[in-house]
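Below: one structure, written as structure tokens.
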Number of protein chains: 2
Amino acid sequence: MSHDRLIYLPLGGAGEIGMNAYVYGFGPPERERLIVVDLGVTFPDMDGTPGVDLILPDIAWLEERRDRIEAIFITHAHEDHVGAIGHYWERLGAPVHARAFTANIARRKLEEHGLPPKVVTTASIWPETIKAGPFTVGFLPVSHSIPESSALVIDSPEGRLIHTGDFKIDTTPVLGDPFDRALWEGVAKDGVKALVCDSTNVFSPLPGRSEATLAPEVETLMREATGMVVATTFASNVARLKTLAYAASKAGRSICLLGRAMRRMVEAAVEVGILTDFPPTVSPEDAQTIPRDHLLLLVTGSQGERRAASAQLAQGPYLGLRLKEGDTFLFSSKTIPGNERGVIRIMNQLSELGVDVVDDAGGRYHVSGHANRPDLETMHAIVQPQILIPMHGEHRHLREHVKIAQSKGMAGVVAVNGMMIDLSGNAPRVVDYVETGRTYLDGTVQIGALDGVVRDRIRMALNGHVTVTLIIDENDEPLGDPWCEVMGLPVTGRSDAALVDVLEEDLSQFLNRADDKTLLDETKLEKELKRIVRQTAQAEIGKKPEVTVVVSRLG
Amino acid sequence: MSHDRLIYLPLGGAGEIGMNAYVYGFGPPERERLIVVDLGVTFPDMDGTPGVDLILPDIAWLEERRDRIEAIFITHAHEDHVGAIGHYWERLGAPVHARAFTANIARRKLEEHGLPPKVVTTASIWPETIKAGPFTVGFLPVSHSIPESSALVIDSPEGRLIHTGDFKIDTTPVLGDPFDRALWEGVAKDGVKALVCDSTNVFSPLPGRSEATLAPEVETLMREATGMVVATTFASNVARLKTLAYAASKAGRSICLLGRAMRRMVEAAVEVGILTDFPPTVSPEDAQTIPRDHLLLLVTGSQGERRAASAQLAQGPYLGLRLKEGDTFLFSSKTIPGNERGVIRIMNQLSELGVDVVDDAGGRYHVSGHANRPDLETMHAIVQPQILIPMHGEHRHLREHVKIAQSKGMAGVVAVNGMMIDLSGNAPRVVDYVETGRTYLDGTVQIGALDGVVRDRIRMALNGHVTVTLIIDENDEPLGDPWCEVMGLPVTGRSDAALVDVLEEDLSQFLNRADDKTLLDETKLEKELKRIVRQTAQAEIGKKPEVTVVVSRLG
């Protein structure tokens, strides 16, 4: 008979920033009772995932153990923590726990998928706890860039774990609970087995700044701007929305929200009662009648998203509102690596309109929601865990974070997605490598990242595509000439004749020479026709296209 | 009869960073004699130009006026200034002038295209000048991040112009000419009509730092590193290579160059005599026999390029050299916006190998080659031009640069690609909008950016592709069922049947119902088949694919 063990298994979020999904388990090996912490998504890009709509963690491992899942806990309402709940809940089927604001967002997502919102229970904060099989879990408030972020205190028969979720140490967070050091010290005082800790800003050497430090700068900007002010930030950063709206209000500006996410987040924050004194807003129609210097537009699209309000306004009139010379556009946000091109495109479009763009350079209008290196060290010092397990970071972040822990005498382990860690003993041990990965939401279908579907699309994007059709008659002879259609390839190449003509000519010559054996062998014939297309295209245009061959046999 | 005029026309580089190509002209309207300054390229990306090999300015306007081109001047050997010379020289046919290092690189490019290297004349520096029609042009040395960068002093009957090229103000540039303020003041003292000025770093508020400031930090790193050191930077930054190599040498490290560009640039610098005392290098084979802590690899790929030495080393052994725990990888470079993902991928791969990555954070190991805002203001003050024309910048850079000029009482004009400016009078006037744009080198073929070829590839990448083939018999009836082949689409969708089966079924049903008129009308038939494929796919998989329809008619 085997002993019980306490395991930690990241299925997403460890080795990347995004797509968070962590599993804890306790019990006999292979029979542990499980809890899931967060079910997030990450976003596709043209480089690696063209045409994909959303990227989700591969939860096959969890689904196969569905009967062992006690509960799902969501730390906060960012898409990389809650975004997969609607897509995946049915496959897991466990009760969901989250604080009010997060629960509100999670329920909306379930409803969008036709799922029952009542599976989400609103959790009270620590010291209240939730029993989930062998675990007792409490929501410990922590500051971040969205309301009601929480760390989780996870008690197991093998001791206490703290899963920080995303956090910063902010004692004046504008909205929600200030970081409460005494509370955290109380939670940690009897010993913490492992601190599973946010690593996002481990490379930021200076202490983090409070959300409250932005207000004076924003107020000055709102007051001094002579035209319309447009401000963009993540819609979920309700504290920032509050700072921007208050500053506008003080400067005599009416506030107009643009973008679905912007309206939905403010709505959710009002519904759950955490945003009680947001200034009144005006509709886009009413905004048109207000003098420009009395108006603030709060808009979505801080990351340059093509269809968001920012991009629309940069391109021309949007909902009757049009930017012009003398207006000011404030990016109260940081550009996430990979989104630079989109953001810069908007900045240049705004420049063409004569709009002054103010961005995060100098940090006057944005602070991060994650703990910087000194703040991580503060957290380590408060919690004093036996083991530090970094999460929410790329490999380089996790590795750096472990180095810090080790330099302070803690045990640390770089555990990436799929690595199952046994935390039962005195030192963490890797006990399994679980097959994990990414699932793509492609249109309405979930496909595996390794299915080859997206790979084929990337190949067509790089190499273009040629369709070859050929009819073979009842006597197994080609009927007429083969026919080519090209897509995404230059019309003419080296020989100055149309590429399709050169391709068809070379294919015809091949068929004229081909023996019966080749003509009868479907696989060989197709392979040869492909080879000729690629070879001829390479000679003509310097590219080897993807090729689809369709041979139709009569009779 | 019309009066002579002095014109400025950017064909590339104004409204973007990259692909520099500027035209100056003097003479009667439409009969100006022309000179070309720089012929550069810019680089494709997966977002907008998948599969494209290189992006060049559209020079159709110039080519049509080929007989009016007096000469081509190249300011320095960066790809965005000289990269198109091999691709375009034949279409322009004018003599090329450049300083020795630049000329060396330009000749190599011409030779690669089978063109005569002798069309490039090596220019001496100011006060020597070159006569080119109505212009007299001198190369005025200036510091930048490549040897022998030059501004051009362009004298015309309408006065003196200064085209800065890329520059910074560096009085201790490690290699080449220090910035010579007295020389510049002398050139400017009799009045400068227009300063056409680099705008890259107009948003950098602090004075630029000298190349020489890096040596102490680099020396410390080379000395203290306990394993192998790998350093990457732009190969053309020969001063940086010198700093890195000297520091390594001092620390007792042998130097091994990896990457074609790295070897070629050092070779060119040695050939023209500007790099006389580079430490001896060892081959990759010899490097394998040297203790790790006595070795520096100087490698290409600072921008995360997939095939460069950096990427290769991050993935495993390369030319017999293998990185491991305890080694140090130095990015002595800045990541150009858009290249973040590639660079971060390499950093994480290195982290997985246990290699310590040191990057530009904090600016200890990299300085920019472009003048920051205060240095631009210094340049304005030295030259005191009548008109400031910003170049080498996106729209936002150009606009900001003009604002600075105007705040100092200079005339300034935002002139983007294709805008022809008449500089003859007291104020600059836009006199024409020339059709310009981008040309793609796609494989071996030059295609227009608006030809739709790349647009089709992007569509296939986003939407996938379906081929439909149908045979119509001698009686104008479908022979058998239509046939579908898909590429880049999920195998099954909503109905759990194979997507191709559902598509073929729906197409068959349509054909069964189709009247003779539709079957006889090629265009209509094709359109309807496409429509059905897109509609069915939308219902099945939530995507509307690109469709190629091939209808073969027998008899």
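We name chains A, B, ... by the order of the sequence lines, and we start the count at 1 in each one. None of these values were measured; they are calculated from a predicted model.
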Could you walk me through whether B/M460 and A/R457 satisfy the side chain to side chain contact (heavy atoms under 4.5 Å, CB included) test, starting with their C-alpha distance in whole Å, then the side-chain angles of each, then the deciding distance to 0.1 Å, before giving a yes or no? CA-CA 6 Å; B/M460 288 191 287; A/R457 292 212 293 263; over 6 Å; no
Tell me, with the steps shown, if B/D45 and A/M46 meet side chain to side chain contact (heavy atoms under 4.5 Å, CB included). CA-CA 9 Å; B/D45 59 55; A/M46 188 69 189; over 6 Å; no
Report the C-alpha distance between A/L554 and B/L554 in whole Å, list the side-chain angles of each, state the deciding distance to 0.1 Å, and finish with yes or no for side chain to side chain contact (heavy atoms under 4.5 Å, CB included). CA-CA 11 Å; A/L554 304 182; B/L554 302 182; 3.9 Å; yes
With side chain to side chain contact (heavy atoms under 4.5 Å, CB included) as the test, would you mind laying out the steps for B/V357 and A/R396 before giving the verdict? CA-CA 9 Å; B/V357 174; A/R396 62 197 176 112; over 6 Å; no
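There is no contact between A/D451 and chain B, counting heavy-atom distances below 4.5 Å. For B/V549, the part lying under 4.5 angstrom from a heavy atom of chain A is the backbone only. Proximity to chain A (any heavy atom under 4.5 Å) is shown, for B/V468, by neither the backbone nor the side chain. Looking at B/L479, only its side chain comes within 4.5 Å of chain A, counting heavy atoms on both sides.
Residues A/P490 and B/I447 share a closest heavy-atom pair of CB-CG2, 3.8 Å. Considering every non-hydrogen atom in both A/G493 and B/V445, the closest pair reads CA-CG2, 4.1 Å. Shortest non-hydrogen contact noted between A/I344 and B/P337 is CD1-CB, 3.8 Å. Nearest heavy-atom pair, A/V550 versus B/T467, reported as atom, atom and distance to 0.1 Å: CG2-CG2, 4.3 Å.
Applying side chain to side chain contact (heavy atoms under 4.5 Å, CB included) to B/S351 and the options A/H395, A/H397, A/E394 leaves one that passes, A/H395. Residue A/M487 is tested with B/V547, B/V453, B/D456 for a side chain to side chain contact (heavy atoms under 4.5 Å, CB included); the sole match is B/D456.
Interface summary for chain B: among A/T548, A/L398, A/T49, A/N339, the most heavy-atom pairs under 4.5 angstrom belong to A/T548. Per-residue counts of heavy-atom pairs under 4.5 Å with chain A were compared for B/T492, B/V486, B/L489, B/D47; the largest is that of B/D47. Note: B/E352 leads B/Q349, B/E540, B/E352 in heavy-atom pairs under 4.5 Å with chain A. Comparing A/R399, A/K543, A/E340, A/R494 by how many heavy-atom pairs each has under 4.5 Å with chain B, the most go to A/R399. Ranking B/T469, B/L350, B/V416 against chain A, the residue ahead of the rest is B/T469, based on heavy-atom pairs under 4.5 Å. The greatest number of non-hydrogen atom pairs below 4.5 Å with chain B, out of A/G464, A/G354, A/G15, A/S552, is found for A/G354. Most heavy-atom pairs under 4.5 Å with chain B, from the set A/G443, A/A461, A/G342, A/P50: that is A/A461.
Heavy atoms from other residues, nucleotides or ligands lying under 6.0 Å from CZ of A/R455 number more than 12.
To the nearest 0.5 Å, the span separating CD on B/E546 from NE2 on A/H465 amounts to 11.5 Å.
Comment: B/K403 engages A/D356 in a salt bridge, judged by a side-chain N to carboxylate O separation of less than 4.0 angstrom.
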